[in-house]
Number of protein chains: 2
Amino acid sequence: MTGTRRGRPRTPLLSRESIVAATLQVIDAEGTAAVGMRSVARALGVDAKSLYNHVDGKDGLLDAVTEHLLGGLDLPSPTGDARHDLRAIADSFRDQALKHPQAAPLVLTRQLASLRALAPVDAVLAVLRDAGAGTEEAVHMLRMLLATLIGTLLREVSAAPAFGSNDREDTLAASGLPALVDAAEHLARFDREAEYEYAVDLAIGAVLHRLG
Amino acid sequence: MTGTRRGRPRTPLLSRESIVAATLQVIDAEGTAAVGMRSVARALGVDAKSLYNHVDGKDGLLDAVTEHLLGGLDLPSPTGDARHDLRAIADSFRDQALKHPQAAPLVLTRQLASLRALAPVDAVLAVLRDAGAGTEEAVHMLRMLLATLIGTLLREVSAAPAFGSNDREDTLAASGLPALVDAAEHLARFDREAEYEYAVDLAIGAVLHRLG
DNA sequence: ACCTGAACACCGTTCAAGT
DNA sequence: ACCTGAACACCGTTCAAGT
């Protein structure tokens, strides 16, 4: 008979959150390439196959991490000054991405069919609408700003060509390309903060200028 | 004794170029994820280990492909009109990336310490200098334009969030986020060509506007 | 409900051979 | 010089068991 159950319920060893946390540990310590069912399970002192009870394979694991990171965004409350508000949203995006620089490519490249991803989109659209953009125009502007931000952050976490951080000045100077030789000194330098500010301010300025 | 050699020299089965070509075949047919020493070797009718005679492991294989694609860029000759020239350079970059859409993330994210990557950089700097930018300013502008272009193209080949191609209009409308509900109709549409033009023109316009 | 043992079909890579 | 056989240390994943 299937009557009363015996034995303690035994609290589970794993949870979605503990798995996500362990994955971030692995990423911070050894990079995205080191993430695997086995390495994450090892960090939890458990067998790799156990993860399948909480997460939908390796791809689902990475989705869970991406969703967790997007959920950690803390969006600023709007002040009414469009330039300031757009910049503040971009900053909060960047802050969150740089908390786990090695994990940033996940947030910046994985497309998630999740409501988590939509809050920042809504925030940007709201600011643009308040600044006088039509709905269609606001969507174009959102996408342009997002492209610039993503391109900039990918470069900042070394997941996109920087032209500078890698190439040594003497290599550039020896290239024989005239404009490049001229600029070698500046190409060889790369100040992440300054480059971020320049790119994002220019993009935001362009959008606001178009709004008149 | 080590005298005269006997037997025909036998022309090699493989070459760096044939390997790169086979890799592109695999990528076009099954995507970057399907690239492996074994799958590429299979496409060539050869053993996986043979590739090591021509290419430095899997990473070297991907570098070779990236370098090949960058080498295929055909840069336009400058006309003296900065807006037109910058746009033409961006277009040639995009054309090359879209020849193998599945391979595009390679060119857009791998950083290559190769002279091949420097020709387009020189071209952009030359146009900016001619338009009156100082060397340091030109480098900042180059990097901003590159970030926008890379972000845009990554999205175009579905390697970055698009907010639209994936999310269905009804999902967006049901999100409860007011600005997003308002724009749901436009967010659900995504015209690659139009979005590319909007983003790149806005970025180029911003740079030229700053140059006065 | 949650964890694991056995098992499967994969990987990239080295190194000593073969021609 | 170039290709391969044998071998190694890895992967992700399924499924039937155990508690």
Side-chain angles (χ1 to χ4, degrees), chain A residues 1-27 29-66 102-103 105-106 110, chain B residues 1-27 29-66 102-103 105-106 110:
Chain A
M1 44 186 305
T2 58
T4 55
R5 211 76 62 78
R6 307 278 260 85
R8 58 245 144 86
R10 268 196 287 176
T11 108
L13 294 179
L14 299 175
S15 69
R16 231 181 132 76
E17 301 88 67
S18 70
I19 291 175
V20 166
T23 308
L24 278 172
Q25 260 175 240
V26 172
I27 293 178
E30 314 173 62
T32 334
V35 174
M37 302 307 274
R38 285 167 158 95
S39 61
V40 171
R42 196 181 313 125
L44 290 160
V46 100
D47 188 277
K49 300 184 272 3
S50 304
L51 304 181
Y52 287 83
N53 288 303
H54 303 89
V55 134
D56 190 12
K58 187 182 177 177
D59 219 62
L61 173 62
L62 294 177
D63 278 346
V65 173
T66 307
Q102 307 235 58
L106 258 43
R110 280 182 93 80
Chain B
M1 41 187 306
T2 58
T4 55
R5 212 75 60 79
R6 306 277 261 85
R8 57 244 145 86
R10 266 193 292 174
T11 108
L13 295 178
L14 299 174
S15 68
R16 231 182 131 76
E17 303 87 66
S18 71
I19 291 175
V20 166
T23 308
L24 278 172
Q25 260 175 240
V26 172
I27 293 178
E30 314 173 61
T32 334
V35 173
M37 302 307 274
R38 285 167 158 94
S39 61
V40 171
R42 196 181 313 125
L44 289 161
V46 100
D47 188 277
K49 301 184 273 359
S50 304
L51 304 181
Y52 286 83
N53 287 302
H54 302 88
V55 133
D56 189 13
K58 186 181 178 178
D59 220 61
L61 173 62
L62 294 176
D63 277 347
V65 173
T66 307
Q102 306 236 60
L106 258 43
R110 289 198 140 236

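Protein chains get the first letters and strands the later ones, always in sequence-line order, with residue 1 at the start of each.
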Peer 1: Less than 4.0 Å between a side-chain N and a carboxylate O, is that true for B/K58 and B/D63?
Peer 2: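 Judged by the 4.0 Å cut-off on N to carboxylate O distance, B/D63 and B/K58 do not form a salt bridge.
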Peer 1: Which nucleotide, if any, forms a Watson-Crick or G-U wobble pair with C/dA1, using both distances under 3.5 Å?
Peer 2: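 Pairing partner: D/dT19.
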Peer 1: Between P on D/dC2 and CZ on B/R16, what's the gap in Å once rounded to a whole number?
Peer 2: 13 Å
Peer 1: Can you list the steps and then say if B/L14 with B/N53 is a side chain to side chain contact (heavy atoms under 4.5 Å, CB included)?
Peer 2: CA-CA 9 Å; B/L14 299 174; B/N53 287 302; over 6 Å; no
Peer 1: Looking only at side-chain atoms of B/D47, point me to the closest of D/dG12, D/dG5, C/dC3.
Peer 2: D/dG5
Peer 1: With DNA chain C as reference, determine whether B/A48 or A/A48 sits nearer its 5' end, using the nearest nucleotide of each.
Peer 2: A/A48
Peer 1: With distance as the sole test, does B/T66 use its side chain to make a donor-acceptor pair with the main-chain N or O of B/L62 at under 3.5 Å?
Peer 2: yes
Peer 1: Which nucleotide, in any strand shown, forms a Watson-Crick or G-U wobble pair with C/dA9, with both distances under 3.5 Å?
Peer 2: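 Base-paired to nothing in any strand shown.
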Peer 1: Do A/L106 and A/I27 come within less than 4.5 Å of each other through their side chains, counting heavy atoms only?
Peer 2: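 A/L106 reaches A/I27 side chain to side chain.
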Peer 1: Provide, to the nearest angstrom, the distance between the CG atom belonging to B/L44 and the C1' atom belonging to D/dC3.
Peer 2: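 To the nearest whole Å, that distance equals 13 Å.
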Peer 1: Rounded to whole Å, please give me the gap between CG in B/L51 and P in C/dT13.
Peer 2: 10 Å
Peer 1: Can you check the A/D56 CG to D/dG12 P distance for me, whole Å?
Peer 2: 14 Å
Peer 1: Does a nitrogen or oxygen in the side chain of A/H54 sit under 4.0 Å from OP1 or OP2 of C/dA1?
Peer 2: no
Peer 1: Between B/S50 and B/V46, is there a donor-acceptor pair closer than 3.5 Å when you use the side chain of the first and the backbone of the second?
Peer 2: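 The answer is no, because no donor-acceptor pair under 3.5 Å joins these two groups.
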Peer 1: Please say whether more than 12 non-hydrogen atoms of neighbouring residues, nucleotides or ligands are located less than 6.0 Å from CG in B/D56.
Peer 2: no
Peer 1: Ion pair present between A/R110 and A/D59, side-chain N to carboxylate O less than 4.0 angstrom?
Peer 2: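 Yes, A/R110 and A/D59 are salt-bridged.
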Peer 1: Could you tell me how far apart B/Y52 (OH) and C/dC15 (C1') are, to the nearest whole angstrom?
Peer 2: 13 Å
Peer 1: Does a side-chain N or O from A/S50 land closer than 4.0 Å to OP1 or OP2 of C/dT4, or not?
Peer 2: yes
Peer 1: With the criterion being N/O to N/O and under 3.5 Å, what pairs connect the protein with nucleotides 7-10 of chain C, and how long is each?
Peer 2:
none

Peer 1: Heavy atoms only, 4.0 Å cut-off, all strands: where does A/N53 land among base, sugar-phosphate and nothing?
Peer 2: base
Peer 1: What is the distance, to the nearest angstrom, from the CG atom on B/L13 to the C1' atom on D/dC3?
Peer 2: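 Going from CG in B/L13 over to C1' in D/dC3 covers 8 Å.
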